[in-house]
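Below is one structure, written out as structure tokens, with a few remarks after it.
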Amino acid sequence: MNHKKIILILSILIPIAVFALYILPKFSFATVDFLPLFNACINGTVFILLAMALMAIKKGKKVLHQRLIYTAITLSALFLVSYVYHHATHDSVRYLGQGFMRYFYYFILFSHILLAIIIVPLVLVTLSRALQQKYVLHKKIARIAMPIWLYVSITGVIVYLMISPFYPY
């Protein structure tokens with residue numbers, strides 16, 4: 001099965017939908033204030049799963065690697081739904097730290113956002129190649145996707161930890 005169209009559509013629609021959350025009016029129904037913490041927990045769990053998946057494949061444990069990656073992908077999809085819901089119902093929170101920490105926060109935030117956009121097609125292409133059993137091509141792109149995905153998941157946690165003192169709820 002050729003996944004190119006699905007990958008292209010998702011790689012374009014997801015960043016557009018996330019960007020739209022910041023310019024569209026917020027919905028007032030059923031706001032859930034614990035979602036930022038929930039999302040940080042998902043990101044932290046994804047980071048651990050990815051690290052475990054990397055260790056598993058290096059030890060030749062392909063089935064364990066596959067299960068860990070599928071779990072990480074599932075949690076990442078859950079994260080995306082939760083993130084969209086939260087930002088559709090809550091205004092953005094401004095980081096109020098000062099000095100070096102402010103620069104550090106914005107560096108982490110901007111690199112996180114940029115790489116989060118890039119990781120979507122990388123993960124989908126990597127998954128597609130694995131599903132098609134094109135393991136040489138899978139491994140080639142996984143060497144790029146894995147460190148980026150690890151970075152995006154751990155910086156999601158860092159961004160949350162840095163911004164959480166400024167949440168009004």
Side chain to side chain contact (heavy atoms under 4.5 Å, CB included) between L124 and I6: does it pass, once the steps are laid out?
CA-CA 9 Å; L124 295 175; I6 295 168; 6.0 Å; no

Taking [Y] as the starting point, is it possible to reach [X] by hopping between hydrophobic residues whose side chains are less than 4.5 Å apart?
| X | Y | value |
| --- | --- | --- |
| L37 | I108 | yes |
| Y103 | L161 | no |
| L131 | I69 | yes |
| L78 | I119 | yes |
| L109 | V93 | yes |

Between [atom1] of [X] and [atom2] of [Y], what distance do you get to the nearest 0.5 Å?
| X | Y | atom1 | atom2 | value |
| --- | --- | --- | --- | --- |
| T89 | F27 | OG1 | CZ | 9.5 Å |
| Y70 | I73 | OH | CD1 | 7.5 Å |
| I141 | M146 | CD1 | CE | 12.5 Å |
| L64 | M55 | CG | CE | 9.5 Å |
| F107 | F100 | CZ | CZ | 10.0 Å |
| H65 | L49 | NE2 | CG | 12.0 Å |

P15 and side chain to side chain contact (heavy atoms under 4.5 Å, CB included): which single residue from I117, I113, I118 fits?
I117

Taking all heavy atoms of [X] and all of [Y], pick out the closest pair and write down the distance.
| X | Y | value |
| --- | --- | --- |
| P121 | S11 | CB-OG, 3.1 Å |
| S82 | F38 | OG-CD2, 3.6 Å |
| F104 | I158 | CE2-CG2, 4.5 Å |
| I42 | F79 | CG2-CB, 3.7 Å |
| A40 | V157 | O-CG2, 3.4 Å |
| L150 | A51 | CD2-N, 3.9 Å |

Donor-acceptor pair, R129 side chain versus K134 backbone, under 3.5 Å?
no

Quick one: do the S153 and N43 side chains pair a donor with an acceptor below 3.5 Å?
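Distance-only check fails for S153 and N43.
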
Classify the side-chain pair H90/D33 by whether it contains a donor and acceptor separated by less than 3.5 Å.
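Yes, a side-chain donor-acceptor pair sits under 3.5 Å.
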
Taking C-beta and beyond as the side chain, do Y167 and Y160 meet within less than 4.5 Å on heavy atoms?
yes

So, using side-chain hydrogen bond (donor to acceptor under 3.5 Å, both in side chains) as the criterion, who are the partners of H138 when residues are at least two apart?
none

Residues sharing L13's hydrophobic cluster, by side-chain heavy-atom contacts under 4.5 Å among ILVMFWY, directly or via others?
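Result for L13 is I9.
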
Could you give me the CA-CA distance, side-chain angles and deciding distance for I7 and S128, then say whether side chain to side chain contact (heavy atoms under 4.5 Å, CB included) is met?
CA-CA 9 Å; I7 293 169; S128 174; 3.9 Å; yes

Which residues satisfy the ring-ring contact (aromatic ring centres under 6.0 Å, His included) test with H87, sequence neighbours excluded?
Y22, Y83

Pair Q66, K62 - check side chain to side chain contact (heavy atoms under 4.5 Å, CB included), show working.
CA-CA 6 Å; Q66 182 181 24; K62 292 180 183 179; over 6 Å; no

CZ (F19) with more than 12 external heavy atoms under 6.0 Å:
no

